[in-house]
Amino acid sequence: DLKLEKKIYRQDSKIKISREEVMSILKNLESEAATSSNSLVVAGHDILGSKINGYDIALPEDYEGKSLEIATVFTFLNPALQKTIEDAKNKFFPRAKVQYISDSRLMRYISKKTKTINTPTLILSVDGDATGIYLISMDDIQHIGLLPFGPKTLARRVATAYYAADGEGT
């Protein structure tokens with residue numbers, strides 16, 4: 001993921017901010033994100049926040065203001081993987097919409113839902129063979145480390161212990 005912010009100063013602060021104005025900033029940020037990635041493609045984005053005249057505003061449309069600032073995080077994907085997913089979608093689910101959601105986006109969402117986004121939060125992402133450790137603080141996600149232990153590791157160890165105790169294993 002890549003976090004980008006853009007702040008613009010508007011010519012007429014009395015005119016309400018339009019959806020087109022917000023979309024123009026997002027398109028500009030997406031172009032910047034695309035050029036910063038060497039071999040990956042932008043697969044999606046998530047608006048982290050927006051400000052008008054320095055004040056946090058959930059949805060900036062229809063507000064007036066001199067400055068508009070938008071912070072966005074972009075998700076990237078390997079082009080070959082994206083093509084494989086698109087081909088499978090077209091073959092098996094032609095009317096379905098594909099949406100790419102990164103681990104960090106899910107972590108941010110969970111932090112907001114549990115109301116821990118404003119306090120530093122440690123998240124353990126327990127996957128198949130490993131457990132990732134992340135620190136989330138104010139929409140910033142830091143990867144702390146990786147432990148070589150997960151449910152598959154536990155299952156292998158239990159199975160090995162079971163077969164060893166049963167006399168059939170090693």
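FYI, the numbering just counts along the sequence from 1. Atom set for the values below is all heavy atoms of this structure, side chains included, hydrogens, waters and symmetry mates excluded. Computed from a prediction, not measured in an experiment: that's the story for all the values here.
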### Message
Can a donor-acceptor pair be found, under 3.5 Å and without considering hydrogens, that links the side chain of S50 to the backbone of I57?
### Response
yes
### Query
Would you find more than 12 non-hydrogen atoms of other residues, nucleotides or ligands less than 6.0 Å from F149 atom CZ?
yes
### Query
Can you tell me how far CZ of R95 sits from CG of N90, rounded to the nearest 0.5 angstrom?
13.0 Å
### Query
Do the non-hydrogen side-chain atoms of I85 and Y100 ever get within less than 4.5 Å of each other?
yes
### Query
Can you check whether G65's main-chain N or O pairs, donor with acceptor, with R10's side chain at less than 3.5 Å?
yes
### Task
Decide yes or no for E5 and E69: does some side-chain heavy atom of the first lie under 4.5 Å from some side-chain heavy atom of the second?
yes
### Query
Could you walk me through whether I47 and L26 pass the side chain to side chain contact (heavy atoms under 4.5 Å, CB included) check?
CA-CA 9 Å; I47 297 174; L26 288 175; 3.8 Å; yes
### Message
Starting from I25, can I reach L4 by hopping between I/L/V/M/F/W/Y residues whose side chains sit under 4.5 Å apart?
### Response
yes
#### Entry: Value rounded to 0.5 Å, distance of NZ in K16 from OH in Y63
10.5 Å
### Message
Hydrophobic clustering (ILVMFWY, side-chain heavy atoms < 4.5 Å, transitive) - are L124 and L147 grouped together?
### Response
yes
### Message
With rounding to the nearest 0.5 angstrom, report the CG to OG1 distance, L77 to T84.
### Response
9.5 Å
### CD-CD1 distance between E21 and I70, expressed to the nearest 0.5 angstrom
8.5 Å
### Message
For H143 and Y134, take the angle between the two ring planes, folded into 0 to 90°, and tell me which bin it lands in: parallel under 30, tilted 30 to 60, perpendicular over 60.
### Response
perpendicular
### Message
Using side chain to side chain contact (heavy atoms under 4.5 Å, CB included), reason through L68 and K51 one step at a time and then give a plain yes or no.
### Response
CA-CA 6 Å; L68 171 61; K51 294 181 180 182; over 6 Å; no
### Query
Would you call P120 and I136 a side-chain contact if the rule is heavy atoms closer than 4.5 Å?
no
### Query
Sub-3.5 Å donor-acceptor pair from the side chain of T131 to the main-chain atoms of D127, do we have one?
no
### Summary
Nearest heavy-atom approach of L40 to P79 is CA-CD, 4.3 Å
#### Entry: Derivation and outcome, side chain to side chain contact (heavy atoms under 4.5 Å, CB included), residues T75 and V42
CA-CA 6 Å; T75 300; V42 175; over 6 Å; no
### Message
For the NZ atom on K83, are there more than 12 heavy atoms of other groups (residues, nucleotides or ligands in this structure) within a distance under 6.0 Å?
### Response
no
### Message
I need the I52 CD1 to S67 OG distance, nearest 0.5 Å.
### Response
8.5 Å
### Task
Answer yes when E64 and K14 have at least one side-chain N-carboxylate O distance shorter than 4.0 Å, and no when they do not.
no
#### Entry: Gap between atom NE2 of H45 and atom NZ of K3 - 0.5 Å precision
15.0 Å
#### Entry: D46 backbone acceptor or donor facing T72 side chain under 3.5 Å
no
### Message
Has N28 got a side-chain atom pairing as donor or acceptor with S24's backbone, closer than 3.5 angstrom?
### Response
no
### Task
With the side chain counted from C-beta on, respond yes when D87 and Q82 share a heavy-atom pair under 4.5 Å apart, and no when they do not.
no
### Task
Go through the steps for V22 and I17 under the test side chain to side chain contact (heavy atoms under 4.5 Å, CB included), then give the verdict.
CA-CA 8 Å; V22 172; I17 295 169; 3.9 Å; yes
### Message
Same cluster or not: F76 versus I101, using hydrophobic residues (I, L, V, M, F, W, Y) connected whenever any side-chain heavy atoms lie under 4.5 Å apart?
### Response
no
### Message
Side chains of P148 and T153, heavy atoms from C-beta outward: is any pair under 4.5 Å?
### Response
no
### Query
Does D12 pair with K66 as a salt bridge, N-O distance under 4.0 Å?
no
### Task
Tell me, yes or no, whether the heavy-atom count around L154 atom CG, taken from other residues, nucleotides or ligands under 6.0 Å, exceeds 12.
yes
